[in-house]
Amino acid sequence: MSKSFSAFGLALGAVVLTCLPAAAQTKVTNEGISATEIVIGTHQDLSGPIKGWGVPVANGMKMAAEEINAAGGIHGRKIRLVVEDSGYDPKKAVLASQKLIERDKIFAMVGPMGSPTVLAAQDILFDAGVLQLFPLTAAEFTFKFDPAKPQERLKFNNLLPYVESTRAAVKYMIEWKGFKKPCIMHQDDEYGKNVLDGFNQQLTAMKAQPASITSYKRGASDFSAQIAKMKSDGCDLVVLGTVLRETIGAMTEAKKLGWDVTFLGATPTNVMEVPALGKDAVEGLYAASGFEIPYEDTAKGKVKDWLVNYKKMFNADANTQAIIGYNAMMTFAFYANKAGKDLTGQKMLDALESGEKFLDIFNSPPTKFSKTDHLANTITQVQQVKGGRWVLVKDNLMF
């Protein structure tokens with residue numbers, strides 16, 4: 001037992017041991033489960049540079065928890081969701097995770113926000129036997145695991161991964177438009193590195209060379225140097241490993257220079273706020289995506305009802321981030337129900353690895369895991385900003 005695990009003061013009875021093929025053992029906590037409730041934790045950026053993601057994700061999770069509880073909970077147990085603010089700061093994410101484990105005694109961490117923050121805190125979860133489920137990052141470290149490190153078995157991801165989605169979108173755009181000088185501007189962290197890896201891997205597979213590679217520090221607001229360099233290098237396709245304001249900032253800078261170039265964003269750019277806030281500056285932007293974004297004036301059935309109910313609950317329009325947060329909690333509930341009335345960490349792990357499919361109301365690809373694959377899917381779409389909203393360009397893409 002590691003020192004950090006001991007420090008959490010978790011009782012031995014709260015941890016079960018499960019066997020892996022090579023006789024390796026995974027410890028999974030039973031904390032947070034009582035006769036009446038299941039305690040779930042999450043850390044979100046509620047005050048930092050990507051609070052435009054964190055706040056609606058938290059709202060979507062809260063909405064799902066209320067729906068689940070109103071319907072009788074999970075085999076009679078109500079979900080108690082504890083939300084902590086990381087501010088998109090890895091140190092704060094570590095402190096938040098320690099608090100959720102030691103004080104709140106969570107059963108699972110669901111939907112934690114951000115590549116650098118999730119990476120900084122995940123080993124604390126694994127030491128304590130806490131499942132890390134469906135984080136709000138599609139970086140490879142959230143689903144790839146080494147069988148020789150049994151605690152890594154506790155991580156599962158239901159988002160479209162950055163490497164694979166970037167590869168599929170870049171392949172499609174180059175084949176479709178015949179670009180000769182693809183370039184990339186990426187955030188200088190784990191998220192950006194994954195987008196860069198996907199970009200480089202696909203160009204290598206297509207026997208092509210990048211015309212320019214440039215990066216920026218997380219939280220930056222001035223992209224004049226990067227845009228000027230890529231313009232000078234003659235780029236005809238710019239891949240953006242950016243989030244919300246960086247996407248708008250980069251494209252605004254290109255407009256200032258009178259540079260008419262095609263932009264392709266990684267999946268985090270595919271949110272409603274980009275066209276809503278960027279307006280004319282982002283018109284024509286392409287992006288990799290995992291599902292079609294619903295709009296209230298065109299949605300139907302359950303999706304229409306969901307959008308209306310979200311607005312009533314939070315006095316704001318639902319967005320991509322809210323859907324992802326909602327689905328993270330609904331996916332947890334699906335597998336917790338499959339685990340049965342006598343819920344344990346072992347049974348939850350078995351349910352997640354059972355191959356059972358979860359289908360959401362938004363027509364996303366099905367979520368399905370196995371004992372060897374903790375990533376749900378790699379099916380990519382390309383969408384484009386037209387008339388201030390996202391529209392589907394191409395579906396079912398693979399690299």
Side-chain angles (χ1 to χ4, degrees), residues 43-45 47-54 86-94 112-123 135-144 157 159-167 169-170 181-204 209-233 235 237-254 257 261 263-271 273-274 278 282 285 287-288:
H43 59 78
Q44 303 293 329
D45 181 1
S47 60
I50 58 169
K51 65 181 179 181
W53 268 84
S86 73
Y88 200 41
D89 181 332
K91 293 179 181 178
K92 290 182 179 178
V94 169
M113 168 67 68
S115 298
T117 39
V118 170
L119 180 62
Q122 70 175 7
D123 284 345
L136 272 296
T137 165
E140 289 185 329
F141 70 83
T142 62
F143 58 85
K144 286 192 174 181
N157 197 315
L159 292 183
L160 184 63
Y162 300 136
V163 172
E164 285 80 355
S165 59
T166 300
R167 288 195 63 173
V170 167
K181 291 189 173 183
C183 305
I184 186 169
M185 185 184 95
H186 65 93
Q187 190 161 280
D188 188 13
D189 64 4
E190 190 66 24
Y191 154 58
K193 181 181 180 300
N194 272 242
V195 177
L196 175 62
D197 286 346
F199 174 80
N200 283 333
Q201 288 174 24
Q202 190 55 43
L203 291 193
T204 298
Q209 294 292 324
S212 185
I213 294 177
T214 186
S215 64
Y216 65 91
K217 294 293 183 182
R218 187 172 66 249
S221 57
D222 181 3
F223 308 100
S224 56
Q226 290 90 341
I227 294 298
K229 181 181 187 303
M230 290 188 290
K231 183 175 185 293
S232 175
D233 289 339
C235 303
L237 172 67
V238 175
V239 176
L240 294 174
T242 53
V243 194
L244 197 162
R245 67 184 185 184
E246 299 87 358
T247 304
I248 297 170
M251 294 189 70
T252 299
E253 185 63 31
L257 295 179
V261 67
F263 285 91
L264 170 66
T267 52
T269 69
N270 181 231
V271 294
E273 287 84 354
V274 167
V282 300
L285 167 67

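Everything numeric in this text was worked out from a predicted model, so none of it was measured.
Between Tyr191 and Leu240, the closest heavy-atom pair is OH-O, 4.3 Å. The heavy-atom pair separating Thr242 from Pro268 by the smallest distance is O-CB, 3.8 Å. The two atoms that bring Ala266 and Ala287 nearest to each other are O-CB, 4.5 Å, heavy atoms only. Considering all non-hydrogen atoms of both residues, Tyr88 and Pro49 come closest at CD2-CG, 3.6 Å. What you find for Arg245 and Gly219 is that their closest heavy atoms are NH2-O, 3.2 Å. The two atoms that bring Ser86 and Thr117 nearest to each other are OG-CG2, 4.1 Å, heavy atoms only.
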(message) One pair to check against side chain to side chain contact (heavy atoms under 4.5 Å, CB included): Val118 and His43. What are the steps and the verdict?
(response) CA-CA 9 Å; Val118 170; His43 59 78; 4.2 Å; yes
(message) Show, in sequence, the C-alpha distance, side-chain angles and deciding distance for Met230 and Thr214, and conclude whether the side chain to side chain contact (heavy atoms under 4.5 Å, CB included) test is met.
(response) CA-CA 8 Å; Met230 290 188 290; Thr214 186; 3.9 Å; yes
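We find the OG-CG distance between Ser47 and Asp89 to be 9.5 Å, quoted to the nearest 0.5 Å. The line from CD1 of Ile50 to CG of Leu244 is 10.0 Å long, rounded to the nearest 0.5 Å. Rounding to the nearest 0.5 Å places CG of Leu237 at 7.5 Å from SG of Cys183. Here the CE-NZ distance, from Met185 to Lys229, works out to 12.5 Å after rounding to the nearest 0.5 Å. Note that the CD atom of Glu190 and the OG1 atom of Thr142 stand 9.5 Å from one another [nearest 0.5 Å]. To the nearest 0.5 Å, atom CH2 of residue Trp53 and atom CD of residue Gln44 are 10.5 Å apart.
In summary, Lys51 and Asp45 do not engage in a salt bridge, as defined by a charged side-chain N under 4.0 Å from a carboxylate O.
Put simply, the side chain of Phe141 does not reach to within 4.5 Å of the side chain of Asn194, judged on heavy atoms. No side-chain heavy atom of Pro210 sits less than 4.5 Å from a side-chain heavy atom of Pro182. Within the 4.5 Å cutoff, the side chain of Phe263 has no heavy atoms near those of the Val282 side chain.
The backbone N or O of Cys235 lies less than 3.5 Å from no partner atom in the side chain of Asp233, so there is not a single donor-acceptor pair. Put simply, the side chain of Thr166 never gets that close to the backbone of Val163: no donor and acceptor are under 3.5 Å apart. Without hydrogens or angle criteria, Asn157 side chain to Thr137 main chain gives a donor-acceptor distance under 3.5 Å.
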Run the side-chain donor-acceptor check on residues 195-203: report pairs under 3.5 Å with partners two or more places apart or on a different chain.
unit_1, atom_1, unit_2, atom_2, d
Asp197, OD2, Lys193, NZ, 3.0
Gln202, OE1, Arg167, NE, 3.0
Gln202, OE1, Arg167, NH2, 3.3

